[in-house]
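All of these numbers come straight from a predicted model, not from anything done at the bench.
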Amino acid sequence: MKKVAFLDRDGTLIRNAHYLSRPEQIEILSGVREGLQLLKQYHFMLIILTNQSGIGRGYFSETDLKIIHTELLGLFAQSSILFDAIYYCPHHPDEECECRKPRKGMLLTALQEQSIDLSVDFAVLIGDSDADMGLARNARIAAIAVPPEKPLLVTPDYQAQDFLDAATEAVRLSGRSD
Ligand SMILES: [Zn+2]
C-alpha cells in the first residue's frame, strides 16, 4: 500500500503571496519542513497540486512558474525533502478546465502518472482553502486543513493548528488504515 500526501502550495507550504511570480518571494511556512520530514519518515509520497491562474490571467508565464518551482524544490532539498511531483493548473477560472481545484483533473493525472490506486492506497489532502477541501471531498480522501486565510465553507475532516499538526494527523489516519 502506498501512502500519498496531496499538498496545496500557496498558504499551505509557502506563504500566500499575491500571485507569486519571483523566487525571492518564496517563504516556507512554520512547521512545514518538520511536517514533510515526518511524512517522509512514514514513507508518504509528496505530491503538490496547485492552482496557478496567474498564468491564465497573464500575471506571469509558465516559464516564471517553472523557475519558482525549481527554486522551491531546491529550498526543500536543502532539508533533504524531495517531492515526487508537482502538478499545476495554469488556467483562468473562466476557462472552466477540468484541472482547476476543486475539480479532480490534476489529481486524476497524478494517480495515473504515479501509479496510485485509491482503492488500495492511502491518500490525504492537506490544504488551506475551499478548493482544496472540495477536491478532497470529490476524490473521497481525507481533507486536512491548515489555518485558512478565509473561513472555510467546506468543513475539513481535521482542522490542524499548523502543517506539522496536519502531517501528524495524516500519519495517524494512515496507521488506522493499515
Ligand atoms: Zn486547469
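Within 6.0 Å of atom CD in Gln161, 12 or fewer heavy atoms from other residues, nucleotides or ligands are found, so the atom counts as exposed in its surroundings. Atom CD of Gln112 sits in a sparse spot, with 12 or fewer heavy atoms from other residues, nucleotides or ligands closer than 6.0 Å.
In this structure a side-chain-to-backbone donor-acceptor pair under 3.5 Å is present from Lys2 to Ser115. Remark: the backbone N or O of His92 is paired with a side-chain donor or acceptor of Glu95 at under 3.5 angstrom. Side-chain atoms of Asp128 do not come within 3.5 Å of backbone N or O of Pro148 as any donor-acceptor pair. A donor-acceptor distance shorter than 3.5 angstrom exists from the side chain of Asp121 to the backbone of Asp117, with no hydrogens or angles considered.
Of the charged side-chain nitrogens involved, at least one lies within less than 4.0 Å of a carboxylate oxygen, so that Lys101 and Asp8 count as a salt-bridged pair.
Side-chain polar atoms of Arg9 and His69 form a donor-acceptor pair below 3.5 angstrom. A donor-acceptor contact under 3.5 angstrom links the side chains of Tyr158 and Asp165, judged on distance only. Counted by atom type alone, Ser53 and Asn51 present zero donor-acceptor pairs between their side chains at under 3.5 Å. A side-chain N or O of Tyr19 and one of Arg57 form a donor-acceptor pair less than 3.5 Å apart. A donor-acceptor contact closer than 3.5 angstrom is absent between the side chains of Tyr42 and Gln37.
Met133 and Ala143 make their closest contact through SD-CB, 3.7 Å (heavy atoms, listed as atom of the first residue, atom of the second, distance).
Atom CG of Asp84 and atom CD1 of Ile116 lie 8.0 Å apart (nearest 0.5 Å).
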From CA spacing to verdict: salt bridge (charged side-chain N to carboxylate O under 4.0 Å, His left out), Arg137, Asp132: CA-CA 9 Å; Arg137 287 270 175 275; Asp132 296 315; over 6 Å; no
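In summary, of the residues considered (Ile14, Ile81, Ile26), a side-chain contact (heavy atoms from CB on, under 4.5 Å) with Leu75 occurs for Ile26 alone.
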